[in-house]
Number of protein chains: 2
Amino acid sequence: MGKPTNVTNSIRALRFANGEMTQAELGGRVGVTRQTIIAIEQGRYSPSLEMAFQIARVFQVPLDDVFQYPDTEE
Amino acid sequence: MGKPTNVTNSIRALRFANGEMTQAELGGRVGVTRQTIIAIEQGRYSPSLEMAFQIARVFQVPLDDVFQYPDTEE
DNA sequence: ACATCATGTCAAGTGTTCTTAACATCCACT
DNA sequence: AGTGGATGTTAAGAACACTTGACATGATGT
């Protein structure tokens, strides 16, 4: 299983809070594919810093509202 | 040559503001090599989201204090 | 029953991030 | 002059982010 990233996110909640935006539409807005959004939303890996900024910008919230980094790390 | 990233950062200033911390020491604290810190500090590429969080944590500032993403992107 | 849409999965490939190791320069110290 | 610390550079490769395309499922609508 590799290590499925330490970063968590609130993308799914933000999508629904923003007019039921679909994964495909979010992908289109930030310039990545649908599959990439799915993988990030599920925490399979964490996005690049640039993509993180772009996603936060789509929802018009600060980056910390979208992504959280837990205190403890193994 | 790829594209030297759109994200800018204030790592160098933060290092000096925190007791003249060296690149090697910062690298050690976030668990990456000295060369990686140099490359990021120079904007050769942007770090992963996880590393960005870790760096911000070392300096005890929010992520946006370390990394900036310009409004316009081509 | 059939079509469509949103979500999810898989595999193979491309590109970027990060590592290791070696070498070079500048500065401070002795 | 010689030593050592901090920074910078390069090159080869490993690890991870992201793409493309194809197929599967459940929900909704006709």
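Protein chains get the first letters and strands the later ones, always in sequence-line order, with residue 1 at the start of each.
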Would you mind reading off the distance between [X] atom [atom1] and [N] atom [atom2], rounded to a whole angstrom?
| X | N | atom1 | atom2 | answer |
| --- | --- | --- | --- | --- |
| A:I37 | C:dA6 | CD1 | P | 15 Å |
| B:E20 | C:dA28 | CD | C1' | 14 Å |
| B:E41 | D:dT9 | CD | P | 11 Å |
| A:L26 | C:dG8 | CG | P | 13 Å |
| B:I11 | D:dT7 | CD1 | P | 13 Å |
| B:F53 | C:dT17 | CZ | P | 18 Å |

Quick check for you: to the nearest 0.5 Å, what is the distance between A:F53 atom CZ and A:S48 atom OG? 10.5 Å
Strictly below 4.0 Å: does [X] bring a side-chain N or O up to OP1 or OP2 of [N]?
| X | N | value |
| --- | --- | --- |
| A:Q35 | D:dC18 | no |
| A:S48 | C:dT16 | no |
| B:R44 | D:dT9 | yes |
| A:R34 | D:dG21 | no |
| A:T36 | D:dA17 | no |

Search all heavy atoms of B:V30 against all heavy atoms of B:Q54 and return the closest pair with its distance. O-OE1, 2.9 Å
Between B:I55 and B:L14, is there a side-chain heavy-atom distance shorter than 4.5 Å? no
